[in-house]
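Below is one structure, written out as C-alpha cells, with a few remarks after it.
Throughout, protein chains are lettered first and strands after them, A, B, ... in sequence-line order, and every chain is numbered starting at 1. On a predicted model such as this, the values are computed, not experimentally measured, just so you know. Reckoned from all heavy atoms, side chains included, excluding hydrogens, waters and symmetry mates.
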2 protein chains.
Amino acid sequence: MKLTSKGRYAVMALVDLARFNNINPVSLRDISLRQGISLDYLEQIFSKLKKDQIVKSIRGTQGGYVLSKKPNEIKLTNIFHAVDEKVKTVKCKKDSKKGCNGKATKCVTHNLWDELENHINSFFDKKSLEDLLKSNNENRI
Amino acid sequence: MKLTSKGRYAVMALVDLARFNNINPVSLRDISLRQGISLDYLEQIFSKLKKDQIVKSIRGTQGGYVLSKKPNEIKLTNIFHAVDEKVKTVKCKKDSKKGCNGKATKCVTHNLWDELENHINSFFDKKSLEDLLKSNNENRI
DNA sequence: ACTATACTTGACCAATTTAGTCAGGTATGT
DNA sequence: ACATACCTGACTAAATTGGTCAAGTATAGT
Ligand code: FES
Ligand code: FES
C-alpha cells in the first residue's frame, strides 16, 4: 500500500500554491523550483486539478495558477479525486454482487477491506488544505 | 493507494485456514481450491508466514499448515509484516533528517503522510484474525 | 508588432513492481 | 515404494509509475 507521486506532488504543490497565493498567480516554474518537482510533470497534474476546478489558470506573462476555492473548502479527498489517486482496497467490483474470485458470493475478506477503505477515506475527508497550512506555519515559527 | 494481492491473499488464506484448523492441518491445495488462489503463489506466501511464525508446517501425507498462535493473537499487522505488504506513505527515509526532495529539511507534506501512515496502521493493529472469523460467521448464520 | 512568459496537449518511454508460472526438489505417513 | 504436500529458486508477461519530449496557444509588457 503506497502513495503515488502524483497524489503526493499534487498536495505538495497546492500547499506551496496556497502559501504564495495572496497577491499574484503562482507559476508552475516557481513551484517546480521550490518543491523540486519536474515542471513537465506538474503540468500534467495541474491540468487535472483545473478540470476539477480546484485551481484556475491565468495565461501569459505574469500568469500562473490560483486556487478556485478557499483553503478550508479544499479537502484532500477533492485533490486525490482530481488526480485519480484512488484508494482501492477491495479487488472485486463494488456494485457487483459477485466476489473477487468470480464466485457468486463476496469473499471472506471483502467486508474487512471495505472497512479499511472507509477508514482511510475518512482521513482524507477531514483534512483540508487549510489544516496543512496551519500545521506548516507552526513548524516554521 | 491500493492493496496488493499478496496481502489480500495472505489474509484470505489465513481466514480459511483458521476456519478449518480445528482437527487436522489444512493443505494449501484445499485453500487454493476454496479461495481460488494459485497454489504456487500460495506456497510463496506461506513460506513467509512460516518464517514469521504465524503458521507451522507439517510435511508428508495428510500434512498441511496450522496456526502457530491463537486467532486473537494474530493481528493484521503481523500478517502484513510477514508478507512484506508495508504501508508506505512518506517518500523520504524516515530516520534521515533530509527531506524527500533531497533538501535539508522535511517537505511541507511530510507530517501529513506520517499521520496518514499512523492512521492506517492503527486499523491493522486493532484487527485480529479472530475478529474476521466472528464477522464472517455472523454473515453465514 | 514582437517577444518572453507560462499555460496546454498529447505522445512517448524506461524502470519498477506485480502477480503470478515453472521446474525442480525434500520430507513423511501409509 | 509411493502419493501427498511442503519447499526453493528462477523466471516472466503485463501493468503501473514517474516521468520526458515536442509542439503548440494565449497574454502582458515593450
Ligand atoms: S474483495 Fe470483494 S469479494 Fe473479495
Ligand atoms: S515525505 Fe518526508 S520529506 Fe517529503
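Contact check on Asp114(B) versus Lys94(B) returns a salt bridge, with a Lys/Arg side-chain nitrogen under 4.0 Å from an Asp/Glu carboxylate oxygen. In this structure, Asp84(A) pairs ionically with Lys48(A), as a charged nitrogen and a carboxylate oxygen lie closer than 4.0 Å. Note on Glu85(B) versus Arg8(B): no salt bridge recorded, every NZ/NE/NH1/NH2 to OD/OE distance being 4.0 Å or above.
Put simply, CD on Gln35(A) is 18 Å from C1' on dG18(D), counting in whole angstrom units. With rounding to whole Å, Ile45(B) atom CD1 is found 19 Å from dA5(D) atom P. Regarding Leu3(A), its CG atom lies at a distance of 17 Å from the P atom of dT16(D), rounded to whole Å. Going from atom CG of Asp40(A) over to atom P of dG18(D) covers 16 Å, rounded to whole Å. As rounded to whole Å, 12 Å separates atom P of dA19(C) from atom NZ of Lys88(A). Per the geometry, OH belonging to Tyr41(A) stands 15 Å off C1' belonging to dC12(C), to the nearest Å. Straight-line distance from the CE atom of Met1(A) to the C1' atom of dT17(D): 17 Å, rounded to whole Å. Rounded to whole Å, atom C1' of dT21(C) lies 16 Å from atom CG of Leu28(B).
Taking a 4.0 Å limit (strictly below) on heavy-atom distances, residues 59-69 of chain A reaches DNA chain D at Arg59(A), Gly60(A), Thr61(A).
An OP1 or OP2 oxygen of dA19(C) is reached within less than 4.0 angstrom by a side-chain nitrogen or oxygen of Ser5(B). The shortest distance between the side-chain N/O atoms of Lys50(B) and the OP1/OP2 oxygens of dC7(D) is below 4.0 Å. In this structure, Tyr9(A) does not reach the dG18(D) phosphate: none of its side-chain N or O atoms is under 4.0 Å from OP1 or OP2. Considering only side-chain N and O atoms, Ser38(A) lies under 4.0 angstrom from the phosphate OP1 or OP2 of dT20(D).
With hydrogens and angles ignored, a donor-acceptor pair under 3.5 angstrom links the side chain of Gln44(A) to the base of dT20(D). Residue-to-nucleotide contacts include a donor-acceptor pair under 3.5 Å from the side chain of Glu43(B) to the base of dC7(D).
Considering only heavy atoms from C-beta on, Cys100(B) stays 4.5 Å or farther from His110(B) through its side chain.
Across all strands shown, Val26(A) has heavy atoms under 4.0 Å from sugar-phosphate atoms exclusively, and none from any base. Residue contacts for Ser47(A): at a heavy-atom cut-off of 4.0 Å it reaches no nucleic acid atom on any strand shown.
Using cut-offs of 30° and 60° on the angle between ring planes, the pair His119(B) and Phe123(A) is tilted. Between Trp113(B) and Phe80(A), the ring planes lie parallel to each other; the angle is under 30°, not in the 30° to 60° tilted range.
More than 12 non-hydrogen atoms from other residues, nucleotides or ligands lie less than 6.0 angstrom from NZ of Lys88(A).
Looking at which nucleotide of DNA chain D each of Thr4(A) and Ile58(B) is closest to, the 5′-most match is held by Ile58(B).
Of the candidate nucleotides dC7(D), dT18(C), dT16(D), dC7(D) has the atom lying nearest to any side-chain atom of Ser57(B).
Counting all heavy atoms, side chain and backbone alike, Val55(B) lies closest to Ser68(B) at C-OG, 3.1 Å.
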